Amino acid sequence: MADFVNQFWSWFIAIPTVLGILACAWLVLGNMSGKGSGSGSETTGHIWDVDLTEYNNPLPAWWLNLFLITIVWGLIYLVLYPGLGSFAGTLAWTSAERYEIEMAQAEDEYAPLFARYQKTDLALLAKDKVAMRTAERLFASYCSTCHGSDARGAVGFPNLRDGIWSWGGDPKQIKSTILDGRIGIMPGWATPLGGTQGVDDVTEYVLSLSGQEVNADQLLSGQEKFQTFCIGCHGVDGTGNPAVGAPNLTDMTWLYGGSRESIHRSIAVGRRGQMPGHQSFLGEHKVHLLAAYIVSLNP
Ligand code: HEC
Ligand code: HEC
């Protein structure tokens with residue numbers, strides 16, 4: 001119980017807990033003693049509806065004993081397990097340790113299986129139905145929060161089954177994306193482009209790259225600016241560059257949404273999508289299986 005910032009909070013919990021238990025014991029014991037068994041006819045003097053009399057009988061012993069048992073149980077528990085402030089309990093049991101033991105057991109059990117998968121080529125492993133069922137569960141646990149349980153993504157989180165890749169769709173590239181993570185750095189261009197007008201012009205040009213209807217008056221200025229500021233990453237024709245994760249701007253697939261406003265925002269303010277690396281967290285065996293799973297979603 002290292003969560004307490006100082007000893008005060010430990011006592012703040014321990015003292016009321018002990019006092020509470022003592023108060024319960026006092027109450028129960030007080031009710032047990034004194035009133036003998038024979039005095040069954042004593043009443044409180046309360047009478048309702050003419051003949052309903054309230055008796056003052058002692059509480060049944062079996063019922064009071066149940067309370068005593070719970071009190072004794074509570075005391076034993078607090079001696080053995082953590083519960084009284086920062087006192088760790090004589091068994092030194094911790095949930096964190098239990099978790100680690102169970103994880104280690106699972107690791108021992110599944111390690112040989114994952115090791116076998118690890119030796120299989122990604123494209124081949126993607127066709128192994130049993131392996132992919134395991135991989136699907138891994139995806140649900142570790143990836144679906146961001147990419148969706150169907151892997152179709154959301155705004156800012158790429159669709160992993162449309163065959164369109166910012167960082168390359170080769171099985172090896174997919175695997176290194178998952179192992180090491182990726183950070184897509186798109187700087188904001190409002191200032192270099194000379195403010196809103198410049199961003200407007202380039203937005204029109206970017207929209208025209210995917211064949212959308214645009215304001216023709218702005219195209220030329222937009223194109224000039226694009227050739228000056230953007231081709232270093234997105235390429236002369238706007239088809240992108242997987243080495244820096246710059247998306248293809250000529251298809252109709254958008255990481256941040258295809259509306260004029262969201263493209264304008266991408267250009268003016270910039271974007272910084274981050275795919276966390278999973279190597280130290282999941283280990284290479286699981287990442288290998290997950291990479292094969294992503295390959296299997298893109299036949
Ligand atoms: C330093 C490299 C670099 C330069 C230069 C650059 N971009 Fe980008 N751009 C990126 C990256 C990387 C992303 C993806 C960001 C992410 O993954 O979060 C991106 C994303 C975008 C997007 C969003 C695409 C989508 O699918 O939602 C647009 C639009 C865009 N850039 C337009 C431009 C324009 C216009 C310029 C020039 C003014 C430009 N970029 C210059 C690297 C660059
Ligand atoms: C915290 C959110 C998050 C989690 C968890 C996450 N990802 Fe990602 N992932 C992203 C983001 C954001 C990107 C896009 C990075 C960028 O902007 O370029 C991405 C990109 C990718 C890409 C590259 C897509 C492309 O177009 O090249 C792959 C492949 C991928 N993720 C697979 C996975 C797998 C498999 C898992 C589970 C182990 C996973 N991701 C877990 C957020 C996440």
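A quick note: this is a predicted structure, and the numbers were derived from the prediction, not measured. Computed over heavy atoms, backbone and side chain alike; hydrogens, waters and symmetry mates excluded. Order of appearance sets the numbers: ligands from 1, and atoms from 1 within every ligand.
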[X] side, atom [atom1]; [Y] side, atom [atom2] - distance, nearest 0.5 Å:
X    : Y    : atom1 : atom2 : result
W189 : S266 : CH2   : OG    : 13.5 Å
S208 : Q218 : OG    : CD    : 11.0 Å
D200 : R260 : CG    : CZ    : 9.5 Å
M186 : L255 : CE    : CG    : 11.5 Å
N215 : L207 : CG    : CG    : 11.0 Å
K175 : I294 : NZ    : CD1   : 13.5 Å

Could you tell me if the side chain of [Y] sits less than 4.5 Å from the side chain of [X], heavy atoms only?
X    : Y    : value
E54  : W48  : yes
L66  : W62  : yes
I267 : V206 : yes
F139 : L160 : yes

Among all protein non-hydrogen atoms, which one is nearest to [atom], and what is the separation to 0.1 Å?
atom                    : answer
atom 11 (C) of ligand 2 : Q274 O, 3.6 Å
atom 41 (C) of ligand 1 : W189 NE1, 3.3 Å
atom 16 (C) of ligand 1 : Y256 OH, 3.5 Å
atom 36 (C) of ligand 1 : C230 SG, 2.7 Å
atom 3 (C) of ligand 1  : C233 SG, 2.7 Å
atom 22 (C) of ligand 2 : T177 CG2, 3.5 Å
atom 13 (C) of ligand 1 : P247 CD, 3.3 Å

Handout entry: M275 near atom 8 (Fe) of ligand 2: N/O/S under 2.8 Å
Key =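 Within the cut-off used here (under 2.8 Å), M275 does place an N, O or S atom near atom 8 (Fe) of ligand 2.
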Practice task
Check whether any N, O or S atom of C143, backbone or side chain, sits closer than 2.8 Å to atom 8 (Fe) of ligand 2.
Solution key: no
Near [X], which atoms of ligand 1 are under 4.0 Å from a heavy atom of that residue?
X    : value
I267 : 32 (C), 35 (C)
V206 : 35 (C)
V244 : 12 (C)

Problem - 4.0 Å heavy-atom contact, L255 with ligand 2 - result: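 The answer is yes, since L255 has a heavy atom less than 4.0 Å from ligand 2.
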Problem - Proximity flag P158 to ligand 2, non-hydrogen atoms under 4.0 Å - result: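 Judged by the 4.0 Å heavy-atom criterion, P158 does count as contacting ligand 2.
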Closer than 4.0 Å to some heavy atom of [X] - which atoms of ligand 2 meet that?
X    : result
G156 : 12 (C)
C146 : 1 (C), 2 (C), 3 (C), 4 (C), 5 (C), 42 (C), 43 (C)
F157 : 12 (C), 42 (C)
L290 : 38 (C)
H278 : 38 (C), 41 (C)
S166 : 25 (C), 26 (O), 27 (O)

Handout entry: Polar atom proximity, H147 to ligand 2 (N or O, under 3.5 Å)
Key =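 Yes: some nitrogen or oxygen of H147 is under 3.5 Å from one in ligand 2.
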Practice task
Would you please indicate if the ring centroids of W73 and Y77 are separated by under 6.0 Å?
Solution key: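 No: the rings miss the under 6.0 Å criterion.
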Problem - ligand 2-proximal atoms of L160, by part, heavy-atom distance under 4.0 Å - result: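 Side chain only.
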Exercise for the section: Between P242 and ligand 2, find which residue part has any heavy-atom pair under 4.0 Å and reply side chain, backbone, both or neither. Expected result: neither
Are [X] and [Y] joined in one hydrophobic group, where the rule is that I, L, V, M, F, W and Y side chains link up if heavy atoms are under 4.5 Å apart?
X    : Y    : result
I21  : L84  : yes
I178 : L122 : no
V214 : L249 : yes
V155 : V269 : no

For ligand 1, which part of [X] has a heavy atom less than 4.0 Å away: the side chain, the backbone, both, or neither?
X    : answer
S266 : side chain
L249 : side chain
V202 : side chain
I185 : backbone

Exercise for the section: For ligand 1, find out whether one of its N or O atoms is nearer than 3.5 Å to an N or O atom of F229. Expected result: no
Handout entry: Nitrogen or oxygen atoms of G273 and ligand 1 under 3.5 Å apart
Key =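 Indeed, backbone or side chain, G273 has an N or O that close.
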Practice task
Tell me whether H234 has at least one N, O or S atom under 2.8 Å from atom 8 (Fe) of ligand 1.
Solution key: yes
Handout entry: Metal site atom 8 (Fe) of ligand 1: N/O/S of M186 inside 2.8 Å
Key = yes
Problem - Charged N-O contact under 4.0 Å between K172 and D170 - result: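 Salt bridge: no.
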Practice task
Decide, yes or no, whether a salt bridge links R265 with E261 under the criterion of side-chain N to carboxylate O below 4.0 Å.
Solution key: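 Answer for the salt bridge query: no.
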Exercise for the section: Closest by any non-hydrogen atom to atom 5 (C) of ligand 2: pick that one out of F281, F139, W167, Y142. Expected result: Y142
Exercise for the section: Please state whether the rings of Y142 and F281 are parallel, tilted or perpendicular, taking 30° and 60° as the class boundaries. Expected result: perpendicular
